[in-house]
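One structure is given here, and the rest of the page talks about it.
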Amino acid sequence: MEGDKSEAKGKVGDQVMQNPQALAALQDRLDSITHSPSVMDSLPASVKRRVNALKNLQVKSAHIEAKFYEEVHELERKYAALYQPLYDKRKEIVTGTVEPTDEECEWQSDHEEEELADELQKKASIEEPKEEGAAEENPKGIPEFWLTIFRSVDMLSDMLQEHDEPILRHLQDIKVIFSGPDEPMSFTLEFHFEPNNYFKNTVLTKVYKMKSEPDSEDPFSFEGPEIIACEGCEIDWQKGKDVTVKTIKKKQKHKGRGVVRTVTKQVPTDSFFNFFNPIKVSPDSELDEDSEFTLATDFEIGHFFRERIVPRAVLYFTGEALEDDESDQDDEMDEEEEEGDPKA
């Protein structure tokens, strides 16, 4: 009986975690408990006055922290210039523009793998003699490098559609460009494509605008820079190649004459390339919950490209970074379980 109750509680918990509205309501409830005014109400006026002085110190601290993050952004921009030659070399190897030297290809675990591969190759050559004239497979560069990453990372594969894949085979590089010292804080994702039959652009961009200053109405909520808006770009699609829309046909009957005609129109459809046409937000407008969720997801994806995908692309290609991400998630879950364990 107790097992059934525990299982039921677990199911309810799962439902709550998957329901944004329920989570929001729970968070509001927790906030109301956390920010209970009972402590301040019980204090003498002289002590309240001193607490207010501490709050003013906290606001000043938040503004200093904002300056700290502005300098961090400048440091990121400085080091981005140092990383870039390495990323340029990565692109050259991926696209096959440059063939790396034997020394550059040497890797610590290669010897064991080569010995195993030699043994397997000898065994295969004995069992299945190689046909005369058969050429050894040697594709150019690293085929489908970025597409493989898109398929492997859940956050990206959720956006990926089958009709996107032939286009992403032409993706050669992804870059992160930081805003200059005299510009508002932002970063730009650049997706570089080789010439293809789908669109005329060679670069597709997505700009993420950021804010690194405490909110005047709620300065204590400041936790560092946050993305506040994003801008995509217009894709110059070749005729009939736009994968963000699909063509549907509908039959319409004329009320007066009774004549039936077929009307063709284009409607939006799911595609990764909708990423370059984000929700437009004006400062005075209020978003519904679905739009807020979509925008928050967009910000998360942009941040993930910047912090994880671009700097560690080869590790996402091989799957090693995915194992690290899963390990980090497991550690977080273990910590949560320990915190919730009454015996701890």
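Nothing here was measured: the structure is a model prediction, and the numbers come from that model.
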Practice task
Would you name the heavy atoms of Phe222 and Ser212 that are closest together and state the gap between them?
Solution key: CE1-C, 3.9 Å

Problem - Greater than 12 external heavy atoms within 6.0 Å of Glu183's CD - result: yes

Exercise for the section: Look at the side chain of Trp237 and the backbone N and O of Tyr198, then say whether any donor-acceptor pair between them is shorter than 3.5 Å. Expected result: no

Exercise for the section: Assess the side chains of His73 and Glu71: does a donor N or O sit below 3.5 Å from an acceptor N or O? Expected result: no

Problem - Ring geometry between Tyr83 and Tyr79 (parallel below 30°, tilted from 30 to 60°, perpendicular above 60°) - result: tilted

Completion exercise
Tightest non-hydrogen contact, residues Arg306 and Met210, listed as NH1-SD, 3.6 Å

Exercise for the section: Report whether Met155 and Leu168 are members of the same hydrophobic cluster (ILVMFWY, side-chain heavy atoms less than 4.5 Å apart, transitive linking). Expected result: yes

Fill in the blank from the handout: Here the pair of heavy atoms bringing Pro214 nearest to Ala66 is CD-CB, 4.0 Å

Exercise for the section: Output yes when a side-chain donor or acceptor of Asp164 lies under 3.5 Å from a complementary backbone atom of Ser271, and no otherwise. Expected result: no

Exercise for the section: May I ask you to say whether Glu144 pairs ionically with Arg151, meaning some side-chain N is under 4.0 Å from a carboxylate O? Expected result: yes

Handout entry: Lys246 atom NZ, over 12 foreign heavy atoms within 6.0 Å
Key = no

Handout entry: Side-chain (Glu307) to main-chain (Phe304) donor-acceptor, under 3.5 angstrom
Key = no

Practice task
Test Leu54 against Asn56 for side-chain contact (heavy atoms from CB on, under 4.5 Å), laying out the working first.
Solution key: CA-CA 5 Å; Leu54 295 184; Asn56 284 322; over 6 Å; no

Practice task
Could you tell me whether Glu104 and Lys89 have a side-chain N and a carboxylate O separated by less than 4.0 Å?
Solution key: yes

Practice task
Determine yes or no for a side-chain-to-main-chain donor-acceptor pair under 3.5 angstrom, with Asn274 supplying the side chain and Thr269 the backbone.
Solution key: yes

Problem - Sidechain-backbone polar pair: Ser186 side chain, Lys209 backbone, donor-acceptor under 3.5 Å - result: no

Practice task
Please determine, by modelled atom types, if His192 and Gln172 share a side-chain donor-acceptor pair under 3.5 angstrom.
Solution key: no

Practice task
List the atom of Gly232, the atom of Lys206, and the distance in Å for their closest heavy-atom pair.
Solution key: CA-CD, 4.0 Å

Practice task
Give the intermediate values and the outcome of side-chain contact (heavy atoms from CB on, under 4.5 Å) for residues Thr95 and Arg90.
Solution key: CA-CA 9 Å; Thr95 59; Arg90 177 177 70 188; over 6 Å; no

Handout entry: Asn201 side-chain N/O to Glu234 backbone N/O, donor-acceptor pair under 3.5 Å
Key = yes

Practice task
May I ask you to decide whether Arg77 forms a salt bridge with Glu74, counting only side-chain N to carboxylate O separations under 4.0 Å?
Solution key: yes

Handout entry: Short side-chain donor-acceptor distance under 3.5 Å, Thr318 and Glu320
Key = yes

Fill in the blank from the handout: Looking only at heavy atoms, the pair that brings Pro225 and Met185 closest together is CB-SD, 4.1 Å

Practice task
Check the pair Asp173, Phe193 against side-chain contact (heavy atoms from CB on, under 4.5 Å), reporting the backbone distance first and the verdict last.
Solution key: CA-CA 7 Å; Asp173 197 17; Phe193 289 83; over 6 Å; no

Handout entry: Heavy-atom donor-acceptor pair, His163 side chain to Asp270 backbone, under 3.5 Å
Key = yes

Practice task
Could you tell me if the ring centre of Phe305 sits under 6.0 Å from that of Phe191?
Solution key: yes

Practice task
Verify, without hydrogens or angle tests, whether Asp102 (side chain) and Cys105 (backbone) share a donor-acceptor contact under 3.5 angstrom.
Solution key: no

Handout entry: Donor-acceptor pair, side chain of Ser179 and main chain of Pro184, under 3.5 angstrom
Key = yes

Problem - Inter-residue atom distance Thr97.OG1 - Lys140.NZ, 0.5 Å rounding - result: 6.0 Å

Exercise for the section: Would you check, one step at a time, whether the test side-chain contact (heavy atoms from CB on, under 4.5 Å) holds for Thr244 with Asn277? Expected result: CA-CA 10 Å; Thr244 65; Asn277 184 27; over 6 Å; no

Exercise for the section: Determine the minimum heavy-atom distance between Leu189 and Phe275, stating which atoms define it. Expected result: CD1-CZ, 4.2 Å

Handout entry: Check: Leu57 main-chain N/O paired with Ser61 side-chain donor or acceptor under 3.5 Å
Key = no

Fill in the blank from the handout: Partner of Tyr208 under side-chain contact (heavy atoms from CB on, under 4.5 Å), picked from Ile228, Asp298, Thr188, Val176, is Asp298

Exercise for the section: Group every Ile, Leu, Val, Met, Phe, Trp and Tyr by side-chain heavy-atom contacts under 4.5 Å, then state whether Val72 and Ile177 land in the same group. Expected result: no

